[in-house]
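Take a look at the structure below.
Source: prediction; values computed, not measured. Numbering of ligands and ligand atoms starts at 1, following listing order.
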Amino acid sequence: VSSLASRCRTFKVLVIGDSGVGKTCLTHRLCAGEFPSRMEATIGVDFRERLLDVDGEKIKLQLWDTAGQERFRKSMVQHYYRNVHAVLFVYDLSCPSSFSGLTSWLEECRQNSVRQEIPRFLVGNKTDLRESRRSDGLVSQERALDFARTHHMTFFETSAKSSPNAVEDVVAAIGAKLKGQ
Ligand code: GDP
Ligand code: MG
């Protein structure tokens, strides 16, 4: 009898966005308790796994986070996008330039993914900073929702720092979407 782990389907999920938006913190949250892979030093990508139960089926999400070395990533870009099942586009809602930056991440994704209908998720991170900032320095939900609709993305706001529940909602949504594939 094969073990549960060997039978469960694995999905590759990329976590991309500007430096500093919280991709690594978010990936840690999404994969709480799971071990980082040893690949990280070799290819400039930090990859973590998260087992998930979706309506009784066990699936495995393999989250690929850039290890902060853009020049590594440039040469690795095709490897990075190979056999991707879903992409998480992350911005920092207290940093509008990270939201504008999404356009180039989308373009990179478009150029490098073979399948164009890959599920895409838009994640506005650092909701905890909304309280302490002037609203004109923030990316509004309306603006983000509009962007998400235009680019066929599922939109979430999270705080990797203080809102584990919101992060779990993202995991659940990814799992639900991928299970049906
Ligand atoms: P990355 O470059 O996209 O991987 O970003 P990191 O995960 O390294 O986070 C960049 C900085 O933002 C770090 O100082 C984190 O502590 C901080 N950070 C990440 N997520 C949050 C969040 O939800 N709220 C707040 N306030 N800070 C965060
Ligand atoms: Mg990082």
Side-chain angles (χ1 to χ4, degrees), residues 12-50 61-81 84 86-109 112-113 118-145 147-148 151 153-174:
K12 177 176 174 181
V13 180
L14 300 189
V15 183
I16 59 182
D18 284 359
S19 175
V21 298
K23 298 183 297 298
T24 300
C25 291
L26 212 50
T27 305
H28 275 257
R29 276 283 200 207
L30 292 162
C31 299
E34 301 292 332
F35 289 106
S37 145
R38 266 176 281 144
M39 282 171 80
E40 98 187 76
T42 23
I43 63 168
V45 169
D46 185 0
F47 112 95
R48 291 189 156 73
E49 294 183 339
R50 165 70 190 265
L61 299 183
Q62 195 178 73
L63 286 114
W64 290 51
D65 173 28
T66 56
Q69 304 240 15
E70 296 303 312
R71 87 202 136 76
F72 260 131
R73 238 182 60 69
K74 289 231 158 48
S75 60
M76 290 305 300
V77 75
Q78 283 173 324
H79 174 76
Y80 198 63
Y81 280 93
V84 160
V87 182
L88 249 70
F89 293 87
V90 186
Y91 66 97
D92 171 352
L93 59 77
S94 72
C95 175
S97 69
S98 73
F99 184 75
S100 323
L102 292 171
T103 310
S104 61
W105 292 109
L106 265 168
E107 187 51 32
E108 183 193 85
C109 180
N112 291 283
S113 37
I118 299 168
R120 297 189 284 204
F121 297 83
L122 178 64
V123 180
N125 190 40
K126 309 198 186 182
T127 51
D128 57 294
L129 295 180
R130 190 164 261 148
E131 305 291 294
S132 57
R133 300 288 169 93
R134 288 164 50 108
S135 63
D136 58 2
L138 299 172
V139 179
S140 72
Q141 278 190 342
E142 291 74 23
R143 196 175 159 206
L145 254 174
F147 186 85
H151 298 284
M153 301 158 120
T154 310
F155 174 57
F156 288 92
E157 283 189 341
T158 60
S159 168
K161 192 173 185 179
S162 61
S163 177
N165 290 343
V167 174
E168 272 308 296
D169 288 347
V170 178
V171 175
I174 297 170

the protein heavy atom lying closest to atom 5 (O) of ligand 1 turns out to be G22 N, 3.0 Å
The atoms of ligand 1 lying under 4.0 Å from a heavy atom of L129, numbered in the order shown, are 26 (N)
Output for pair (E168 CD, T158 OG1), nearest 0.5 Å, gives 12.0 Å
For Y91, the ring-ring contact (aromatic ring centres under 6.0 Å, His included) test, sequence neighbours excluded, returns F99
The protein heavy atom nearest to atom 23 (O) of ligand 1 is A160 N, 2.9 Å
The protein heavy atom nearest to atom 8 (O) of ligand 1 is T24 CB, 4.2 Å
With nothing but distance in play, are any N or O atoms of K161 less than 3.5 Å from an N or O of ligand 1?
yes
Flag for S94-D92: side-chain donor and acceptor within less than 3.5 Å: yes
shortest atom 18 (N) of ligand 1-to-protein heavy-atom contact is with K126 CE, 3.7 Å
Margin query: Counting only nitrogen or oxygen atoms and a 3.5 angstrom limit, does C25 reach ligand 1?
Written below: yes
- Message: Regarding ligand 1, does D65 bring an N or O atom to under 3.5 Å of one of the ligand's N or O atoms?
- Response: no
Checklist entry - Heavy-atom distance under 4.5 Å between the side chains of L102 and L122, does that happen here? => result yes
protein heavy-atom neighbour closest to atom 20 (N) of ligand 1 works out as N125 ND2, 3.2 Å
- Is the closest side-chain heavy-atom distance between R48 and H28 below 4.5 Å? yes
Counting from 1 in the order shown, the ligand 1 atoms closer than 4.0 Å to a non-hydrogen atom of D18 are 3 (O)
d(L61 CG, I174 CD1) to nearest 0.5 Å is 6.0 Å
**Message:** Any nitrogen or oxygen of G20, side chain or backbone, less than 3.5 Å from one on ligand 1?
**Reply:** yes
When rounded to the nearest 0.5 Å, the distance separating CD of E157 from CD of Q141 is 4.0 Å
ask   = Under a 4.0 Å N-O cut-off, is there an ion pair linking D65 with K23?
value = no
Criterion side-chain contact (heavy atoms from CB on, under 4.5 Å) on R133 and K126, from CA distance to verdict: CA-CA 11 Å; R133 300 288 169 93; K126 309 198 186 182; over 6 Å; no
With heavy atoms and a 4.0 Å threshold, my read on which part of D128 contacts ligand 1 is side chain
Query - Verify atom 25 (C) of ligand 1: protein non-hydrogen atom under 4.0 angstrom away - result: yes
Q.
Under 4.0 Å from atom 14 (O) of ligand 1, can you find at least one protein heavy atom?
A. no
Within the 4.0 Å heavy-atom cut-off, what D92 brings close to ligand 1 is neither
- Tell me, do S113 and V84 make a side-chain contact under 4.5 Å, heavy atoms counted? no
- Hey, does T127 come in under 3.5 Å of ligand 1, counting only N/O atoms on both sides? no
